[in-house]
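Here's the structure we're looking at; comments come further down.
We use all heavy atoms of the structure for the numbers below, so side chains are in, but hydrogens, waters and symmetry mates are not.
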Amino acid sequence: MYPEHLPLSTIQRGIKTGKYLQGSYMASRENYLEANVSVHDQDRMIFVQGHQNLNRAVKDDIVAIELLPEEEWSCPSSMVLEETEEKADEDNMEIEEKQMRKNKVPKELRQPTGKIVGIIKRNWRQYCGILQPSALKESTRHIFTPADRRIPRIRIETRQAHDLASQRIVVAIDLSLNADCNHKLLMPLSTSLN
């Protein structure tokens, strides 16, 4: 599903040679398939679009980004996209990304666009949100929807979905992110009523 992150040694060499840029990841509130990276030591923003190019980065991560060729540069979509459970599968994500890219962007509207090749420093913290239990009765994997729209929906494993479904919960991202998983994995930390 996602490209593997490059090793830190490769990223560091690439930053020194100028092949990669380092910056802070800033997710879009309006479109979960778009973000910007504020490049360190420059007054420059690099636009990132699509699941593949976002490559599992989360709000405020320090990332390594590779600029795409100029003919692949794009601009933010005017569409407001909300992630739904039905859109979570791989085929639908690919279709969605192709629809966003198929509209040729006039050259004067294009922004420097890149893809995230690695995470230099994770800025994970605890996230508050709600659990959407799976439609499968015996499933242990469910979808967590964070209150902050800049954090993507995340897969959570729990056998307590029935008890947690009516509560706000606090979770932390597990360090075992899987490159072929559509969602990140979380572990529940606590719950609160209402």
Is there a donor-acceptor pair closer than 3.5 Å between any side-chain N or O of [X] and the backbone N or O of [Y]?
X: Arg149; Y: Arg29; answer: yes
X: Ser9; Y: Pro7; answer: no
X: Gln111; Y: Pro76; answer: no

Does [X] share a hydrophobic cluster with [Y], counting links as ILVMFWY side-chain heavy atoms below 4.5 Å and allowing steps through other members?
X: Tyr25; Y: Val117; value: no
X: Val58; Y: Ile11; value: no
X: Val48; Y: Leu67; value: yes
X: Ile120; Y: Tyr2; value: no
X: Leu6; Y: Ile62; value: yes

If I compare all heavy atoms of [X] with all of [Y], which pair ends up nearest, and what's the gap?
X: Pro3; Y: Arg56; value: O-NH2, 2.8 Å
X: Arg153; Y: Pro146; value: CA-CD, 4.1 Å
X: Val63; Y: Ile119; value: CG1-CD1, 3.8 Å
X: Ser77; Y: Asn31; value: CB-ND2, 3.9 Å
X: Leu68; Y: Glu72; value: CD2-OE1, 4.0 Å

- Query: Taking it one step at a time, do Ile46 and Leu21 satisfy side-chain contact (heavy atoms from CB on, under 4.5 Å)?
  - Reply: CA-CA 9 Å; Ile46 307 295; Leu21 301 169; 4.3 Å; yes
Non-hydrogen side-chain atoms of [X] and [Y] separated by less than 4.5 Å:
X: Arg110; Y: Ser74; value: no
X: Leu54; Y: His51; value: no
X: Asp148; Y: Lys59; value: yes
X: His142; Y: Gln132; value: no
X: Arg141; Y: Ser134; value: no
X: Pro112; Y: Trp73; value: yes
X: Arg150; Y: Ser28; value: no
X: Gln126; Y: Val171; value: no

Reported [atom1]-to-[atom2] distance for the pair [X] and [Y], which is rounded to 0.5 angstrom:
X: Asn123; Y: Asp61; atom1: CG; atom2: CG; value: 6.5 Å
X: Ser139; Y: Glu157; atom1: OG; atom2: CD; value: 8.5 Å
X: Asn55; Y: Lys115; atom1: CG; atom2: NZ; value: 9.0 Å
X: Phe144; Y: Ile130; atom1: CZ; atom2: CD1; value: 8.5 Å
X: Ser24; Y: His40; atom1: OG; atom2: NE2; value: 3.0 Å
X: Ile65; Y: Asn53; atom1: CD1; atom2: CG; value: 8.5 Å

- Message: Does Glu138 have more than 12 heavy atoms from other residues, nucleotides or ligands lying within 6.0 Å of its CD?
- Response: no
- Message: With side-chain contact (heavy atoms from CB on, under 4.5 Å) as the criterion, how do Thr158 and Thr140 come out once you've worked through the C-alpha distance, each side chain's angles and the decisive distance to 0.1 Å?
- Response: CA-CA 5 Å; Thr158 182; Thr140 60; over 6 Å; no
